Amino acid sequence: MKKGPMLYEGKAKQVFATDDPDLLIQHFKDDATAFDGTKKSTIASKGVVNNAISSHMFSLLAEQGVPNHFVEKLSDREMLIKALKMIQVEVIMRNVAAGSICKRYGIEEGRVFDEPILELYYKSDPHHDPLMNTEHVVQFDLCSLETLDEISGYARRINVLMREFFRGINVTLVDFKLEFGMAGDQLLLGDEISPDTCRFWDLKTGEKLDKDRFRFDLGRVEEVYQEMLSRVTGA
Ligand code: TMP
Ligand code: ASP
């Protein structure tokens, strides 16, 4: 597999072409941003941790019948992925109240929802990723209603599978973000699944084991990324 030019650079990742037009290389950086990119720094070895955790989660989900873009882990910071045409929607699943849902609706952090809440956000930095509903997604031609139904089905199923997995390593899966894309006419889960894109609380102590430690200057940032790496991979 020959690595080609960089096609895209985001806040935490880079994407490179390969000699196969259907395959790309996703490279995980240590760069960390929060609050719409207004807070910026690096978290040592975050790229290595997020690549390893994402590789593990994508493999697990594929085994459980959730199709995704992961092909193989190539190195510490790189994975081979299928090329996707990304749907510009961020899907958030929430089991426990934290972050923006608390701020937006004035509900207390830690409230456990009877049923997981699925939210849709428009993936658009200039518009600050606004919350949207099904009608916005369809009317703005981001994807069809049928595709959105399929996405919601996968998101709920992924939540069940991931909650179970994380409970097994003494972690409460509070919430997480998913992004999907099309490989031809096949819908696939894409992006990453990591402490950047999920909220993880220790099951017993409630300690935050995710990017909130960076967002809110809680300290022990690198340490909790390493802690999640060892819990997820058993290393
Ligand atoms: P929120 O509470 O800030 O809306 O975040 C919900 C979840 O989504 C949380 O696990 C962090 C993740 N997330 C991202 O992955 N990217 C983002 O840009 C934001 C705002 C949240
Ligand atoms: N990474 C996102 C940003 O910089 C937000 C976040 O994860 O909190 O806007």
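Whatever order the structure lists ligands and atoms in, that order sets their numbers, starting from 1. In this chain, residues are counted from 1 in sequence order. Just so it is clear, the structure is predicted and the values come from calculations on it, not from any experiment.
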(request) Could you tell me whether some N/O pair between Lys11 and ligand 2 is separated by less than 3.5 angstrom? (result) yes
(request) Examine Tyr225 together with Phe214 and report whether their ring centres are nearer than 6.0 Å. (result) no
(message) Looking only at the side chains, is there a donor atom on one of Ser100 and Arg94 sitting less than 3.5 Å from an acceptor on the other?
(response) yes
(request) Would you mind checking which non-hydrogen protein atom is closest to atom 4 (O) of ligand 2, with the distance to 0.1 Å? (result) Thr33 OG1, 2.4 Å
(message) Arg167: which residues meet the side-chain hydrogen bond (donor to acceptor under 3.5 Å, both in side chains) condition with it, sequence neighbours left out?
(response) Glu164
(message) Using a 4.0 Å cut-off to any heavy atom of Asp36, which atoms of ligand 2 qualify?
(response) 3 (C), 4 (O), 9 (O)
(request) Non-hydrogen atoms closer than 4.0 Å to ligand 1: which protein residues do they belong to? List them by chain and number, please. (result) Ile92, Arg94, Ala98, Gly99, Ser100, Asp175, Phe176, Lys177, Asp196, Thr197, Cys198, Arg199, Arg215
(message) If the test is side chain to side chain contact (heavy atoms under 4.5 Å, CB included), which one of Asn50, Ile25, Asp30 qualifies with Arg77?
(response) Asp30
(message) Holding to side-chain hydrogen bond (donor to acceptor under 3.5 Å, both in side chains), I want the full list of residues that pass it with Lys82, two or more places apart in sequence or in another chain.
(response) none
(message) I need the atoms of ligand 2 closer than 4.0 Å to a non-hydrogen atom of Arg215, numbered in the order shown.
(response) 6 (C), 7 (O), 8 (O)
(request) Could you tell me which non-hydrogen atom of Gln226 sits nearest to which non-hydrogen atom of Ser45, and how far apart they are? (result) NE2-CB, 3.8 Å
(message) Closer than 4.0 angstrom, basic N to acidic O: yes or no for Glu207 and Arg220?
(response) yes
(request) With heavy atoms of Gly37 as the reference, note each atom of ligand 2 found under 4.0 Å away. (result) 3 (C), 4 (O), 9 (O)
(request) Using a strict cut-off of less than 4.0 Å between a Lys/Arg side-chain nitrogen and an Asp/Glu carboxylate oxygen, indicate whether Lys39 and Asp217 qualify as a salt bridge. (result) yes
(message) Quick check on contacts: which atoms of ligand 2 are under 4.0 angstrom from a heavy atom of Lys211?
(response) 1 (N), 6 (C), 7 (O)
(request) Report the residues that fulfil salt bridge (Lys or Arg N to Asp or Glu O under 4.0 Å) with Arg157, sequence neighbours left out, ordered by chain and then residue number. (result) none
